[in-house]
Amino acid sequence: MSVMLEKKDIVNIAVQIEEKGERFYKEAAEKANSAEVKELFSMLSRDESKHREIFLNMLKALNIEGDKLSIEYQNYLKAYTDRLVFEGGSPEVVEKMKNFDQVWALNYAIQRELDSILYYYELKNIVAKSEYDLIDKIISEERSHFEKLTKIKNIIISR
């Protein structure tokens with residue numbers, strides 16, 4: 001049985017991705033033991049908050065094209081979002097955050113940023129063309145997050 005997703009649900013998922021990311025980065029910043037990692041996670045938390053606001057504004061405007069998503073596309077997005085981005089409540093993540101390891105947190109964040117980039121590319125399939133610039137800006141920032149996380153991880157590992 002497929003789950004029916006409306007286009008507003010897809011944008012709502014983007015809001016949730018950013019909320020979860022903001023919480024993860026805030027907690028990781030509090031637990032990090034190096035100044036550069038604390039600073040990076042704090043900056044990323046602030047960025048995720050800004051992205052959340054962009055998606056909330058997009059929802060308010062409901063500038064979404066077309067009426068229906070195909071069942072296949074809905075199923076694809078549902079399967080993808082079931083495993084998506086900053087699942088902070090999973091037992092593994094809770095345990096890892098309890099026994100905080102900076103390298104694990106950096107690796108986890110790197111993968112979540114890549115997942116969110118892919119999701120936002122998919123989001124472009126349902127939003128109006130007038131929203132593309134906003135989505136592209138967020139994708140660019142998520143890429144930047146990936147690059148910064150990777151650079152800091154490489155510095156930490158090489159010490």
Side-chain angles (χ1 to χ4, degrees), residues 7 9-59 61 63-64 73 76-159:
K7 291 182 179 185
D9 297 328
I10 306 305
V11 180
N12 262 320
I13 290 167
V15 171
Q16 292 171 22
I17 289 168
E18 299 300 331
E19 287 172 348
K20 289 176 182 180
E22 181 183 1
R23 283 193 303 269
F24 172 81
Y25 286 133
K26 186 175 183 179
E27 182 178 352
E30 292 167 1
K31 293 182 178 199
N33 56 11
S34 79
E36 64 239 298
V37 174
K38 278 184 183 294
E39 183 179 321
L40 175 60
F41 283 150
S42 293
M43 184 269 307
L44 294 174
S45 177
R46 290 187 302 273
D47 283 356
E48 301 298 280
S49 176
K50 292 175 196 170
H51 298 167
R52 178 178 44 83
E53 290 303 316
I54 289 169
F55 288 126
L56 284 170
N57 288 334
M58 200 178 290
L59 267 176
N63 197 4
I64 296 173
Y73 194 66
Y76 162 73
L77 288 174
K78 175 70 173 115
Y80 185 71
T81 58
D82 281 348
R83 66 161 222 80
L84 187 68
V85 190
F86 295 108
E87 285 303 326
S90 75
E92 176 193 0
V93 174
V94 169
E95 186 62 31
K96 293 283 190 180
M97 290 303 282
K98 202 181 297 181
N99 302 309
F100 191 76
D101 173 350
Q102 280 188 149
V103 175
W104 171 85
L106 290 163
N107 283 327
Y108 181 76
I110 287 166
Q111 187 57 53
R112 300 300 70 82
E113 294 295 339
L114 290 172
D115 288 343
S116 65
I117 290 167
L118 178 59
Y119 188 79
Y120 298 146
Y121 272 114
E122 292 298 329
L123 185 62
K124 286 179 71 174
N125 288 321
I126 67 160
V127 299
K129 287 184 178 19
S130 62
E131 304 290 357
Y132 282 13
D133 285 345
L134 283 174
I135 301 290
D136 286 339
K137 181 177 185 256
I138 291 171
I139 289 170
S140 177
E141 288 181 14
E142 300 293 354
R143 276 193 200 118
S144 170
H145 294 174
F146 169 81
E147 291 169 11
K148 290 173 184 172
L149 286 159
T150 302
K151 180 179 178 184
I152 292 292
K153 180 186 115 177
N154 290 336
I155 290 169
I156 297 296
I157 288 175
S158 68
R159 288 187 181 155

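Note that the numbering runs from 1 along the sequence shown for the chain. Bear in mind the structure is a predicted one, so any value in this text is a computation, not a measurement.
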Q.
Between Met97 and Trp104, does the side-chain contact (heavy atoms from CB on, under 4.5 Å) criterion hold? Intermediate values first, please.
A. CA-CA 9 Å; Met97 290 303 282; Trp104 171 85; 3.6 Å; yes

Q.
Gln16 vs Arg52, test: side-chain contact (heavy atoms from CB on, under 4.5 Å). Steps then yes/no.
A. CA-CA 8 Å; Gln16 292 171 22; Arg52 178 178 44 83; over 6 Å; no

(Q) Run the side-chain contact (heavy atoms from CB on, under 4.5 Å) test on Ile135 and Tyr121 for me, step by step, so that the C-alpha distance in whole Å, both residues' side-chain angles and the decisive distance to 0.1 Å come before the verdict. (A) CA-CA 8 Å; Ile135 301 290; Tyr121 272 114; over 6 Å; no

Q | Check against side-chain contact (heavy atoms from CB on, under 4.5 Å), Asp136 and Tyr120 | A | CA-CA 8 Å; Asp136 286 339; Tyr120 298 146; over 6 Å; no

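A donor-acceptor contact shorter than 3.5 Å links the side chain of Lys38 to the backbone of Ala32. The backbone N or O of Arg143 lies less than 3.5 Å from no partner atom in the side chain of Glu113, so there is not a single donor-acceptor pair.
Screening Ile110, Ile157, Leu106 against Ile152 for a side-chain contact (heavy atoms from CB on, under 4.5 Å) leaves a single residue, Leu106.
Residues Lys153 and Thr150 fail the side-chain proximity criterion, which asks for heavy atoms closer than 4.5 Å. By the 4.5 Å heavy-atom criterion applied to side chains, Phe41 and Lys31 are not counted as neighbours. The shortest distance between side-chain heavy atoms of Phe55 and Asn12 does not fall below 4.5 Å. Residues Glu18 and Ile54 have side chains not in contact (no heavy-atom distance under 4.5 Å, counting atoms from C-beta outward). Counting heavy atoms from C-beta outward, Tyr25 and Leu40 have side chains that stay 4.5 Å or more apart. Taking the side chain as every heavy atom from C-beta outward, His145 and Glu48 approach each other to under 4.5 Å.
Salt bridge annotation for Lys137-Glu141: present, with a cationic side-chain nitrogen under 4.0 angstrom from a carboxylate oxygen.
Geometric assessment of Arg112 against the ring of Tyr108 yields a positive cation-pi assignment under the 6.0 Å and 45° thresholds.
With no hydrogens or angles considered, a side-chain donor-acceptor pair links Glu95 and Asn99 at under 3.5 Å. For the residue pair His51 and Glu142, a side-chain donor N or O sits within less than 3.5 Å of a side-chain acceptor on the partner. Looking at Asp115 and Gln111, their side chains do bring a donor and an acceptor atom within 3.5 Å of each other.
In plain terms, the two heavy atoms of Ala105 and Phe24 that are nearest each other are O-CZ, 3.9 Å.
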